[in-house]
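I have placed the structure first, in the form of structure tokens, so that the comments after it can refer back to it.
Chain letters run A, B, ... following the sequence lines, proteins first, then strands; residues in each count from 1.
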Amino acid sequence: MAENRQVNNQEDKNLYQQEVHELLKRRREELEDLKQSGVIPFGYEYDVTGYSKSIIKEFKDDAPAKRYRVAGRIMSMRKMGKASFMHIQDREGRVQLYLRKDALNEQYDLVKLLDIGDIIGVEGEVFRTKMGEVSIKADAFEILAKSLRPLPVVKERKKEDGTIVRYDPFSDKELRYRQRYVDLIVNPQVRDVFVKRARIIKFIRDYLDNQGYLEVETPALQPIYGGAAARPFVTHHNALDMKLYLRIADELYLKRLIVGGFDGVYEITKDFRNEGMDRNHNPEFTMLELYVAFKEYKWMMDFVEQMIAKLVYAIHDIYEIPVGKNTVDFKPPWKRLTMFDAIKEFTGVDISQMDEKLLREAAQNLGLELDPAAGAGKIIDEMFSEFVEPKLVQPTVIMDYPVSMSPLAKPHREKQGLVERFEVIVNGQELCNAFSELNDPIDQRSRFGEQTALRERGDDEAHMLDEDYLRALEYGMPPAAGLGIGIDRLTMLITNQESIRDVILFPQMRPEGK
RNA sequence: GAGGCUGUAGCUCAGUCGGUAGAGCAUCUGCCUUUUAAGCAGGUGGUCGAUGGUUCGAGUCCAUCCAGCCUCACCA
């Protein structure tokens with residue numbers, strides 16, 4: 001009850017502000033004026049025959065004028081008494097309109113009721129103005145949606161060298177994320193990032209489909225979560241009266257499908273992890289996972305290298321792209337280092353023969369502060385994260401990880417205590433994670449046992465024992481290589497965005513309170 | 001979770017030592033039929049994030065809270 005009242009108060013307040021605020025009030029009055037004069041301020045359709053950029057591109061000064069019907073949002077206006085110029089924005093970009101009284105006759109009176117932000121449809125001939133801009137001379141227009149809120153006005157000026165100066169850009173990050181629709185309208189570069197994101201996902205999907213891999217869907221609601229070390233979101237199913245978790249990874253279900261006889265499956269979907277948020281973490285994020293039967297991790301290295309390089313080329317037409325202050329060259333082959341060699345290269349310390357005690361000493365000599373509970377694997381990971389990872393700017397494959405950090409990966413065929421796992425590091429960050437999949441059910445059970453022990457010691461991110469997954473492995477899973485790529489971070493890299501919030505349309509935010 | 005920075009008009013921002021809240025754009029009125037950050041003249045518009053305190057007086061100083069960003073921690 002108290003909650004309802006609060007909501008109502010909030011609604012009242014919003015209504016009140018809409019009533020009172022001068023700019024909102026004015027637009028509502030304009031809307032009434034339009035209705036009074038018999039104009040429908042929210043049209044039903046518009047038969048569009050041309051788009052801004054294409055129209056401008058196809059224009060020829062010496063050819064007969066072409067007619068088009070265009071539709072878009074008014075982004076700027078210059079009203080000059082009996083003639084007006086405006087730019088409308090459609091899916092391709094912007095085009096200038098020229099509206100004059102002697103072409104529009106009595107309809108010209110409506111022009112004074114148009115605002116920046118309104119969506120209109122316009123019909124007319126293309127021509128070039130005295131100042132040289134290809135424009136559309138309107139002989140009719142319709143209002144398709146009257147805008148009732150003032151759009152942030154971003155003015156642009158083209159300098160003589162062709163570069164565009166933007167004045168008063170809509171730049172408040174909080175407002176941009178909360179009102180992404182406004183961000184997309186006024187910041188074309190934001191739109192571009194999300195178009196690229198879509199192209200990235202489509203490229204990957206096409207690439208995998210063309211190689212014969214099957215796209216599948218596995219449960220997002222899971223009774224037992226697994227496949228990664230993370231805390232889950234918990235929910236409840238009413239009819240079954242049971243606790244369910246939102247997936248933190250797809251891995252264990254996809255490998256069940258490898259058991260089932262599909263020999264190449266992938267999924268591109270949302271995972272959910274109940275953790276802190278920062279420039280690299282959003283509670284829901286998009287993962288690609290791929291599993292290929294009868295292959296192992298070195299095959300997967302070649303595969304990822306090719307796929308990512310081709311992806312970068314498909315998006316940018318070049319392998320070298322700017323990432324932050326650096327230029328990253330994705331052209332294969334990429335440097336490959338074992339984790340031990342990488343640590344040796346950047347710290348001068350050879351840890352390949354060290355036991356936990358020696359490792360601890362070596363780490364402390366390098367100035368690392370260690371949790372006393374940290375085991376050998378954790379210490380190695382710390383050393384790597386601290387001294388190596390930040391320095392790897394160019395794509396680098398790091399391989400052969402300690403077994404204790406990889407409970408689902410297959411033991412290294414030659415090196416005791418390691419698994420056949422690799423990550424690709426770019427610009428100091430993990431781009432993907434992959435390994436030869438553990439298919440020995442006895443070994444897998446004992447790995448789960450170690451995780452259970454960790455869980456009992458209070459590590460709530462340790463893996464849960466998944467009895468059904470073990471049952472599946474006991475039927476026999478072919479050897480397989482698996483790969484995980486965070487699509488959001490991949491997109492950050494390829495579009496050179498420094499925050500995950502800039503590649504997610506609606507990033508998670510605290511509730512808006514006023 | 002800790003520290004730092006930020007919050008002033010629809011947007012982008014100034015605001016000095018505590019002394020009657022400012023600019024540009026948007027918006028309104030008037031003029032203007034090839035303008036383009038259109039122009040010219042004149043207006044409107046503010047719970048200074050919220051609450052409390054100090055003070056004769058707070059946008060400014062103090063405390064608490066809210067939101068955002070950054071760094072660290074946690075975490076892939």
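When the C1' atom is used for both B:C11 and B:G46, the distance is 15 Å, rounded to whole Å. A distance of about 26 Å separates the P atoms of B:G4 and B:A9, rounded to the whole Å. Taking the C1' atom of each, B:G22 and B:U16 are spaced 14 Å apart, rounded to whole Å. If you take atom C1' in B:C72 and the same atom in B:U47, they sit 36 Å apart, rounded to whole Å. Nucleotides B:A58 and B:U20 have their P atoms positioned 12 Å apart, rounded to a whole Å. One P atom belongs to B:A23, the other to B:U64, and the distance between them is 36 Å to the nearest Å. As rounded to the nearest Å, B:C70 and B:C13 have P atoms that lie 16 Å from one another. Of the P atoms belonging to B:U8 and B:C48, the separation is 11 Å, rounded to the nearest Å.
Separating the CZ atom of A:Arg166 from the P atom of B:C11 is a distance of 16 Å, rounded to the nearest angstrom. Distance A:Asn433 CG to B:C75 P: 16 Å, rounded to the nearest Å. Put simply, CD on A:Glu22 is 16 Å from P on B:G43, counting in whole angstrom units. Rounding to whole angstrom units, NZ of residue A:Lys25 and C1' of B:G10 are separated by 16 Å. Rounded to an integer number of Å, the gap from A:Arg27 CZ to B:G10 C1' is 9 Å. Atom CG in A:Leu23 sits about 12 Å away from atom P in B:A26, given to the nearest Å. Rounded to an integer number of Å, the gap from CG of A:Leu114 to P of B:U27 is 12 Å. Counting to the nearest Å, the C1' atom of B:U27 and the CD atom of A:Glu29 are 12 Å from each other.
Shown here, B:A67 forms a base pair with B:U6; the pair counts as Watson-Crick or G-U wobble because both key distances fall under 3.5 Å. Within the shown strands, B:C40 is the pairing partner of B:G30 under the Watson-Crick or G-U definition, both distances less than 3.5 Å. Nucleotide B:C72 forms a pair with B:G1, judged by Watson-Crick or G-U wobble geometry with both contacts under 3.5 Å. For B:G57, there is no paired base (Watson-Crick or G-U wobble, both distances below 3.5 Å). Judged by Watson-Crick or G-U wobble contacts below 3.5 Å, the nucleotide B:A21 has no partner. Using the Watson-Crick or G-U wobble rule with both distances under 3.5 Å, B:U16 pairs with nothing in any strand shown. Applying the Watson-Crick and G-U wobble criteria (two distances, each under 3.5 Å), B:U47 pairs with nothing in any strand.
Among the protein residues, A:Ala228 comes within range of no part of the nucleic acid, since none of its heavy atoms lies under 4.0 Å from any strand. A:Leu151 comes within 4.0 angstrom of nothing in the nucleic acid, heavy atoms only. Residue contacts shown for A:Arg231 are absent, as no nucleic acid heavy atom lies under 4.0 Å away.
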Can you give the donor-acceptor pairs under 3.5 Å from side chains of residues 429-436 of chain A to other protein atoms, not counting sequence neighbours?
from     : atom 1 : to       : atom 2 : distance (Å)
A:Gln429 : NE2    : A:Asn280 : OD1    : 3.0
A:Asn433 : OD1    : A:Arg421 : NE     : 3.0
A:Ser436 : OG     : A:Tyr297 : N      : 3.0
A:Ser436 : OG     : A:Glu420 : OE1    : 2.8

Go through the steps for A:Thr286 and A:Arg197 under the test side chain to side chain contact (heavy atoms under 4.5 Å, CB included), then give the verdict. CA-CA 11 Å; A:Thr286 303; A:Arg197 182 182 169 121; 3.2 Å; yes
Side chain to side chain contact (heavy atoms under 4.5 Å, CB included) between A:Ile136 and A:Leu97, worked out: CA-CA 5 Å; A:Ile136 295 171; A:Leu97 307 178; 4.0 Å; yes
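Heavy-atom nearest nucleotides on RNA chain B were determined for A:Glu30 and for A:Asp172, and the one closer to the 5' end corresponds to A:Asp172.
Between A:Asp102 and A:Lys82 there is no salt bridge, since none of the side-chain N atoms of the basic residue sits less than 4.0 Å from a carboxylate O of the acidic one. Ion pairing between a basic and an acidic side chain is recognised when a charged N comes within 4.0 Å of a carboxylate O; A:Glu305 and A:Arg336 show such pairing. A salt bridge does not link A:Arg191 to A:Asp183: none of the charged nitrogens lies less than 4.0 Å from a carboxylate oxygen. Residues A:Glu30 and A:Arg26 are paired through a salt bridge, judged by an N-O separation under 4.0 Å between the basic side chain and the carboxylate. Using a 4.0 Å cut-off between a side-chain N of Lys or Arg and a carboxylate O of Asp or Glu, A:Lys112 and A:Asp33 do not qualify as a salt bridge. Between A:Arg67 and A:Glu123 there is a salt bridge, since at least one side-chain N of the basic residue sits less than 4.0 Å from a carboxylate O of the acidic one. In this structure, A:Arg247 pairs ionically with A:Glu267, as a charged nitrogen and a carboxylate oxygen lie closer than 4.0 Å.
Nearest nucleotide to the side chain of A:Val153, out of B:U12, B:C75, B:C25: B:C25. When distances are taken from the side chain of A:Glu461 to each of B:C28, B:A26, B:C75, the shortest belongs to B:C75. Checking B:C13, B:C70, B:A26 against the side-chain heavy atoms of A:Ser171 singles out B:C13 as nearest. Taking every side-chain heavy atom of A:Arg26 into account, B:U27 is the closest of B:G68, B:G10, B:U27.
By the 30° and 60° cut-offs, the orientation of the rings of A:Tyr98 relative to A:Phe127 is tilted.
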When you check every protein heavy atom under 4.0 Å of nucleotides 34-42 of chain B, what one-letter string (B, S, -) results, 5' to 3'? BBBBB----
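The phosphate of B:C66 has neither OP1 nor OP2 within less than 4.0 Å of any side-chain N or O from A:Arg510.
A:Arg91 forms a cation-pi arrangement with A:Tyr51, by the criterion of a distance under 6.0 Å to the ring centre and an angle within 45° of the ring axis.
Contacts of residues 274-282 of chain A with RNA chain B (heavy atom under 4.0 Å): A:Glu275, A:Asp278, A:Arg279, A:His281.
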